[in-house]
Engineer: 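Below: one structure in structure tokens.
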Amino acid sequence: MRFVIIGGDAAGMSAASKAKRNNPATEVVVLEQTEDVSYSACGIPYNIADAQRDVDDLVVRRAEVFREKQGIDLRLGHRADEIDRAKKRVIGKAGGSSFDVYYDKLLIATGARARMPNIPGKDLPGVKVVRSLEDGRQIKAYLASHRVDKALIVGAGYLGLEMVESLHDRGAQVEVAEFRTELLPWMPRAMAQVVRSELEGKGAKLHLGTEVCDIRPIDGRMKVFTRKDSIETDLVIVATGVDPNSEIADRAGLELGPSRSIAVNKALRTSDPDIFAAGDCADAFHVITGKRVWVPLALRANRSGWAVADNLFGDVVQLPGIVGTSVFKVLDMEVARTGLSVPEAQDEGYDVVEEFVKNRSRAHAHPGNQDIFVHLVAEKKTGRLLGGNIVGKEGAAHRIDALAVALHARMTAEDFFQCDMAYAPPFSPVWDPLLTAANQLLKKLK
Ligand SMILES: Cc1cc2nc3c(=O)[nH]c(=O)nc-3n(C[C@H](O)[C@H](O)[C@H](O)COP(=O)(O)OP(=O)(O)OC[C@H]3O[C@@H](n4cnc5c(N)ncnc54)[C@H](O)[C@@H]3O)c2cc1C
């Protein structure tokens, strides 16, 4: 069996390694267009924050280890361009020459790419995106060779806000231009205000409802024009979202799903049973709605890569799906969410009840206590939990996992309230903030 994988990062290399572990006789060929393989993209903002750290510290396993210890035929600098499904071949380019590889089973694990608005000045050397290890190297090289007193982040999603912290740590005064009129629109306004206060309290300036339309070089700096005014800066980081690298699948006639991601079933097969897709290029099923969604995040990429390897010789793994759990840190604030926001739940036709509580991260008399904010969303008719958000300087990030598990288990607010959660003064009040929020929510459900 020859298993060919297009894309050598989280999903692709998880599948390659597991396929070899499952059955060492499987011939595994990985085609990766760059010279980098298996690295933690999620660590790039934190690596940029530290001028002393080498970007290559983020490499999880080096190419030689995959080749020599695991027997994987890893071909770097190989860009796949077409899939000939009739002849079961992948056609592409490597170093100016063409290649053509036969497959018995194929995995498309081509990930996603940074979205770059088509505006004048987008190609200036001081305008960067943060997606690949090479992007990380380029940003660090720019910071090393230029004086960056001011930085402008375009986009206030999780990556944009992580980059606020990163460049703040590098001593830059950071401004953020966000097209939407609200910060973090999936959470209650009072909660988003907590994040905003953290940003502004540490000197970051937010421009909401601001569309960048032109970037021009001036005297070694840049002038960024918005619809309203202009901002002078030394570095522009564009973090306006990502798009799935699904064109190769589209050209091969495979079905696409939401946001033009590649449609896969729960066994990760595309509309061609010999071709799988996994990771950021593919869709998934939402556990709450049962519908197809596109949520490009790391755990799902690794998990779906493993599942593909397990399903090579027949479908033994069916992934139940995701609830869209995510977390990020901005300066000293942890920001976490899972499940459906109120507008998302309403769009799905749910009649919702929500509760928002401010509580404490530790027992009331315990030193180091911090505010923690919990928001829960449930269906009015059944009391089933649909989602939530947690924000705070400590205890927010990992608490969200309890709520994510409750969503996977299809718990009601009452089921969740009855859960036996841990307590000791350094970690929470006796009634964990999640339980307090559930209790308040129950009052609205009665
Ligand atoms: C800066 C940053 C921070 C992030 N932080 C988090 C986080 O905190 N938590 C979280 O859950 N997720 C985070 N993510 C997202 C996470 O990194 C991705 O979900 C994950 O990397 C997806 O893995 P993947 O293998 O599907 O795709 P990718 O990592 O995008 O890998 C796809 C690979 O395919 C290659 N490729 C593409 N097209 C071709 C082709 N035609 N031929 C050959 N090779 C090709 C690419 O070069 C690439 O190496 C972050 C991402 C970034 C960029």
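Predicted, not measured: the structure shown is a model, and the values here were computed from it. Order of listing sets the numbers, starting from 1, for every ligand and every atom in it.
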Engineer: What atoms of ligand 1 come closer than 4.0 angstrom to any heavy atom of A10?
Structural biologist: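 Within the 4.0 Å cut-off of A10, ligand 1 contributes 23 (O), 25 (O).
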Engineer: Do R89 and V101 make a side-chain contact, defined as non-hydrogen atoms from C-beta onward lying under 4.5 Å apart?
Structural biologist: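 Contact flag for R89/V101 side chains = no.
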Engineer: In the protein, which heavy atom is nearest to atom 29 (O) of ligand 1, and how far is it?
Structural biologist: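 Nearest protein contact, heavy atoms only, for atom 29 (O) of ligand 1 is D9 OD2, 2.5 Å.
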Engineer: Pick, from C42, S326, P296, the option with the minimum heavy-atom distance to atom 3 (C) of ligand 1.
Structural biologist: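 The residue whose heavy atom sits nearest atom 3 (C) of ligand 1 is C42.
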Engineer: Looking at G111, which atoms of ligand 1 are within less than 4.0 Å of one of its heavy atoms?
Structural biologist: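 Going through ligand 1 atom by atom, the ones under 4.0 Å from G111 are 26 (O), 27 (O), 28 (P), 30 (O), 32 (C).
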Engineer: Minimum heavy-atom separation for M191 to N389, with atom names?
Structural biologist: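 Smallest heavy-atom distance, with atoms named: CE-O, 3.2 Å.
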Engineer: Within 45 degrees of the axis of the six-membered ring of Y102 and under 6.0 Å from its centre: does K87 put its NZ or CZ there?
Structural biologist: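 Judged by the rule, K87 and Y102 form no cation-pi pair.
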Engineer: Return all side-chain donor-acceptor pairs below 3.5 angstrom for residues 5-15, not counting sequence neighbours, or 'none' if the list is empty.
Structural biologist:
unit_1, atom_1, unit_2, atom_2, d
D9, OD1, Y39, N, 3.0
S14, OG, A10, O, 2.6
S14, OG, N302, OD1, 3.1

Engineer: Quick one: does I248 get within less than 4.0 Å of ligand 1, heavy atoms only?
Structural biologist: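 Contact check I248 vs ligand 1: negative.
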Engineer: When you look at E334 and K393, which way does the salt bridge (charged side-chain N to carboxylate O under 4.0 Å, His left out) test go after all the steps?
Structural biologist: CA-CA 6 Å; E334 301 172 4; K393 287 194 173 171; over 6 Å; no
Engineer: Between D36 and ligand 1, does any nitrogen or oxygen pair lie at a separation below 3.5 Å?
Structural biologist: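 No, D36 has no N/O under 3.5 Å of an N/O on ligand 1.
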Engineer: At under 4.0 Å between heavy atoms, which part of A112 makes contact with ligand 1: side chain, backbone, both or neither?
Structural biologist: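 Near ligand 1, A112 shows its backbone, while the atoms from C-beta on stay back.
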Engineer: Check each atom of ligand 1 against the heavy atoms of A109 and keep those under 4.0 Å away; list them by number with element.
Structural biologist: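 Close to A109: 32 (C), 33 (C), 34 (O).
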Engineer: Which atom pairs, donor and acceptor, lie under 3.5 Å between side-chain atoms of residues 201-210 and protein residues at least two apart or in another chain?
Structural biologist:
unit_1, atom_1, unit_2, atom_2, d
K202, NZ, E198, OE1, 3.4
K202, NZ, E198, OE2, 2.6
K202, NZ, D332, OD2, 3.0
H207, NE2, E175, OE1, 2.6
T210, OG1, H207, O, 3.3
T210, OG1, L208, O, 3.1

Engineer: Name the one of Q173, R221, R147, H146 that satisfies side chain to side chain donor-acceptor pair (under 3.5 Å) with D234?
Structural biologist: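 It is R221, the one option of Q173, R221, R147, H146 that forms the side chain to side chain donor-acceptor pair (under 3.5 Å) with D234.
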Engineer: How far is atom 20 (C) of ligand 1 from its nearest protein heavy atom, and which residue and atom name does that atom have?
Structural biologist: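 For atom 20 (C) of ligand 1, the nearest protein heavy atom comes out as D280 OD2, 3.8 Å.
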Engineer: When you measure from atom 49 (O) of ligand 1 to every protein heavy atom, which one gives the shortest distance, and what is it?
Structural biologist: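 Protein heavy atom with the smallest distance to atom 49 (O) of ligand 1: E32 OE1, 2.7 Å.
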Engineer: What part of Y158, side chain from CB on, backbone N/CA/C/O, both or neither, has a heavy atom under 4.0 Å from ligand 1?
Structural biologist: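 Side chain only; the backbone of Y158 stays clear of ligand 1.
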Engineer: May I ask whether H78 places a heavy atom under 4.0 Å from ligand 1?
Structural biologist: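 Contact check H78 vs ligand 1: positive.
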Engineer: Please write down residue, atom name and distance for the protein heavy atom closest to atom 11 (O) of ligand 1.
Structural biologist: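 Here the closest protein heavy atom is A298 N, 2.9 Å.
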Engineer: Using a 4.0 Å cut-off to any heavy atom of A301, which atoms of ligand 1 qualify?
Structural biologist: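 It comes down to these atoms of ligand 1: 22 (C), 23 (O), 26 (O).
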Engineer: How does L159 reach ligand 1, by side chain, by backbone, by both or by neither, if only non-hydrogen atoms under 4.0 Å count?
Structural biologist: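 The answer is the side chain.
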Engineer: Under 4.0 Å from a heavy atom of I6: give me the atoms of ligand 1 that qualify, with their elements.
Structural biologist: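 Counting from 1, the qualifying ligand atoms are 40 (C), 42 (N), 43 (C).
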Engineer: So do the side chains of Q370 and R360 get within less than 4.5 Å of each other, counting heavy atoms only?
Structural biologist: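 No, every pair of side-chain atoms sits at 4.5 Å or beyond.
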Engineer: Side chain, backbone, both or neither: which part of L31 has a heavy atom under 4.0 Å from ligand 1?
Structural biologist: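 Within the 4.0 Å criterion, L31 contacts ligand 1 through backbone atoms alone.
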